[in-house]
Amino acid sequence: MDDTPVRVRFAPSPTGYLHIGGARTAIYNWAYAKNQGGSFILRIEDTDRQRSLPEHTAQILRSLRWLGLDWDEGPDVGGAFGPYLQSQQRLVYDQALTKLRQNDSVYPCFCTSAELKAKREAALAARTYTGYDRTCRFVDADEAARRIAAGEAHTWRIKLPLDRDAVAFDDLVFGHIKVGLEQLDDFILVRADGSPTYNFAVSVDDSHMRISHVIRGDDHLSNTPKQILVFEALESKVPAFAHLSMILGNDGKRLSKRHGATSLEFYRDTGVLPEALLNYLALLGWSLDGQTTLFDAECLKSAFSLQRVSKNPAIFDTEKLLWVNQAYLKRLSPQAFLDVWQPYLLEAGLLRGKTSVAQALALHNNAEESAVCPASKPIQEAVQADIEANREWYLQIPPLVVERVKLLAEVNGICAYLFCGDEVPFDERSIQKCLKPEGTTQLLNAAIDCLDTAEVPWRLEAIEQALRHLPQTLDVKPKLLFQAIRVALCGTMISPPLFESLILVGREFTLNRLRRAAAIAG
RNA sequence: GGCCCGUUCGUCUAGCGGUUUAGGACACCGCCCUCUCAAGGCGGAGGUCACGGGUUCGAAUCCCGUACGGGCUACCA
């Protein structure tokens, strides 16, 4: 064992939002750093100027923070190796190149892209070696210097030590890996425009930032030998490597936009709790003990180990994520639930007693889609004020809905009827089944009589007791009566618990809804 | 084409040569609970451990092939 401090890094390229796969890589790096008492570094690999956008960087940082990750060094928090943006580290790469020129590990290559492409295609057609043929490696040093001085375009290629043994390393996840030197070629380190290529930039940065463990996607497994060669040319200590298998879509193919939801923001907007996503993602390729499914960040930090990371690619299972999310929602106190639900209430502009049939209907149908346009500012303020003024009323809702919902975005739809006034949107099938049958009007009228007396206070126990006796008196099955009341109150035969709903809707609205239903009932 | 990697219930996984009639979770099915739907409780079905050879007294576990899947093979990252 050596005592070099553990320093790991997550290095996304800002060519898009943070996706599921990147998030898991970040989580594992973070968990490993925390577990080892090391540092977690965030570095933005924006060498691809065309595709890299600052807003993507901002979005990635936001997503990581939302997930609950924190880093010791990074573009927004600083550190000894700033600014943690590859595009602004040019000097570091220039210095690295200078060093390599001094110790004779590189040489200029004057071959043009067109020439290289032609050679590669010919080699491919002939089914032979497709690597660079090292033409320029044997150009006389003085001549090379002359051509450079004359301004001839050139790249810099690594000068592989031809007498070296195979490149081998012990991957912390995949185990011993060995690649013969004949499989590698004198790849380009610095482009003709002076910018570093990926394999060079990463190695220089990892070396420069004293990264001790490189934990990343296994699409880089094959790049690792090249990077080791760069580390060696740099005369730098080679870090340990741990590669993570890919996350696949439900068709077994690499996860991409094609599979729909891959961005963290989607899950955030749709109402997945960050703790739940962290938990689920951690489970995708790692296990605590093979038994435990739910664990918090603290547990992850204290138990995470690379030895328990799986080599197999994992398919992202939305169903299980939703189950995990519901488990987390159920653990929330009513107040905590209200806190995370509140943004959805505001956006929908759900106002107690003033919610229209059309609005309730829209919420019902768009349960998961936030496609509905957000409420205006004044309405949102009104909702906010109502929540503050009637906190007790709102706090009664979470227990009624948590176990019926897997995403926060579904909550409004399932309890919109609580916010309606005298009218709720009726579901046709429910009407046919529960209101239309002969004699339903009488049942509803009996319920109205039962509730509309001063002796029955509008409290749960009193109302439940009163209504529970009714079926007996009327000599009908309880279900018949309760379903009729349910449809009258909620508009559908599927809803949160009935008696609690009556309480929340209130005497006035409840009685009016019952009367309206009685009027159309059979 | 070359090289590297992977392969345990539909899915995520436990398993690191005998304690395994292969364990858990999601999904699925049934029963119970019940004012609906959920949630919960209980139970069930589902894996010849990709396939074929070895090694061994003994293999999901070690070795070698084959098949399938993935990655790399760019002046992309």
Side-chain angles (χ1 to χ4, degrees), chain A residues 11-13 15 45-48 50-52 86 109 111-113 116-117 120 123-131 153-157 171 174-175 177-180 182-185 187-193 195-199 201-202 217-226 243 245-246 248 250 252-254 280 283-294 307-308 310-317 319-324 326 330 401-406 414 430 434 464 467-468 471 477-487 490 492-499:
Chain A
S13 41
T15 53
E45 308 213 321
D46 56 351
T47 45
D48 186 341
Q50 255 66 47
R51 296 192 296 150
S52 296
Q86 283 188 332
C109 173
C111 299
T112 66
S113 315
L116 294 170
K117 196 178 171 203
R120 197 179 317 122
L124 215 49
R127 291 189 190 176
T128 56
Y129 177 70
T130 56
H154 62 283
T155 59
W156 288 92
R157 310 189 86 113
D171 191 279
F174 283 90
I177 287 169
K178 190 164 96 175
V179 178
E182 70 282 359
Q183 298 303 326
L184 280 351
D185 71 345
F187 56 95
I188 293 173
L189 261 28
V190 177
R191 300 187 187 101
D193 67 359
S195 65
T197 58
Y198 169 74
N199 283 123
V202 187
D218 80 352
D219 45 338
H220 292 295
L221 197 54
S222 304
N223 283 324
T224 306
K226 295 183 194 176
H243 287 90
S245 57
M246 307 262 93
L248 311 175
N250 50 18
K253 295 267 162 59
R254 196 176 169 147
Y280 175 70
L283 227 34
L284 225 48
W286 177 81
S287 66
L288 182 64
D289 55 10
Q291 310 287 310
T292 313
T293 305
L294 300 174
Q307 282 110 58
R308 292 192 69 84
S310 166
K311 293 194 262 274
N312 310 349
I315 291 175
F316 184 76
D317 181 8
E319 290 289 328
K320 188 155 179 175
L321 198 218
L322 293 181
W323 177 84
V324 171
Q326 184 179 44
K330 284 196 291 195
V401 297
V402 251
E403 53 211 29
R404 293 173 170 75
V405 113
K406 291 192 154 72
I414 202 176
S430 300
C434 306
E464 177 159 3
L467 286 177
R468 286 244 185 241
K477 288 194 166 169
K479 187 171 169 178
L480 218 56
L481 171 71
F482 295 141
Q483 283 297 75
I485 298 178
R486 184 190 308 284
V487 174
C490 314
T492 71
M493 49 189 179
I494 295 173
S495 83
L498 190 54
F499 306 120

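Chain identifiers are assigned alphabetically (A, B, ...) following the order of the sequence lines, protein sequences preceding nucleic acid strands; residue numbering begins at 1 within each chain.
In terms of phosphate contacts, A/Asn312 brings no side-chain nitrogen or oxygen within less than 4.0 Å of OP1 or OP2 of B/rC12. A close approach under 4.0 Å does occur between a side-chain nitrogen or oxygen of A/Ser287 and OP1 or OP2 of B/rA14. In terms of phosphate contacts, A/Arg120 brings no side-chain nitrogen or oxygen within less than 4.0 Å of OP1 or OP2 of B/rG1.
Comparing B/rU34 with B/rC42, their C1' atoms sit 16 Å apart, to the nearest whole Å.
A/Ser113 comes within contact range of at least one nucleobase, with a heavy-atom separation under 4.0 Å. If you check every strand for non-hydrogen atoms under 4.0 Å, A/Pro478 touches nothing. Within the nucleic acid shown, A/Arg468 comes within 4.0 Å of at least one base atom, counting heavy atoms only. A/Thr47 comes within contact range of the sugar-phosphate backbone alone, with a heavy-atom separation under 4.0 Å but no base atom that close. Backbone-only engagement by A/Ser13 is indicated by non-hydrogen atom pairs under 4.0 Å involving sugar-phosphate atoms exclusively. At a threshold of 4.0 angstrom between heavy atoms, the contacts of A/Gly217 with the nucleic acid are absent. The residue A/His220 sits close to a base: some heavy atom pair falls under 4.0 Å. Looking at heavy-atom distances under 4.0 Å, A/Pro471 makes no contact with the nucleic acid at all. At a threshold of 4.0 angstrom between heavy atoms, the contacts of A/Asn223 include nucleobase atoms, whether or not backbone atoms are also involved. Looking at heavy-atom distances under 4.0 Å, A/Lys330 makes contact with sugar-phosphate atoms alone, never a base. Among the atoms of the strands shown, base atoms are found under 4.0 Å from some heavy atom of A/Ala192. The residue A/Phe316 sits apart from the nucleic acid: no heavy atom pair falls under 4.0 Å. Within the 4.0 angstrom heavy-atom criterion, base atoms lie near A/Pro496.
For the pair A/Phe482 and A/Leu480, the minimum side-chain heavy-atom distance is 4.5 Å or more. Using a 4.5 Å cut-off on side-chain heavy atoms (C-beta onward), A/Ser245 and A/Asn312 make no contact. When side chains are defined from C-beta on, A/Ile485 counts as touching A/Leu498, because their heavy atoms get closer than 4.5 Å.
RNA chain B is contacted by both A/Cys109 and A/Leu284; A/Leu284 maps to the nucleotide lying nearer its 5′ end (nearest heavy atom per residue).
Across all strands shown, the partner of B/rC42 is B/rG30, judged by Watson-Crick or G-U wobble contacts whose two distances both fall under 3.5 Å.
Residue side chain A/Lys320 reaches the base of B/rA25 through a donor-acceptor N/O pair under 3.5 Å, judged by distance alone. Looking at A/Thr130, its side chain has no donor and acceptor atom pair within 3.5 Å of the base of B/rG2.
Going from atom CG of A/Asp185 over to atom P of B/rC72 covers 16 Å, rounded to whole Å. In this entry the distance linking OH of A/Tyr280 with C1' of B/rU11 reads 8 Å, nearest Å.
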Give the C-alpha distance, both sets of side-chain angles, the deciding distance and a yes or no for side chain to side chain donor-acceptor pair (under 3.5 Å) between A/Ser195 and A/Asp193. CA-CA 6 Å; A/Ser195 65; A/Asp193 67 359; 2.6 Å; yes

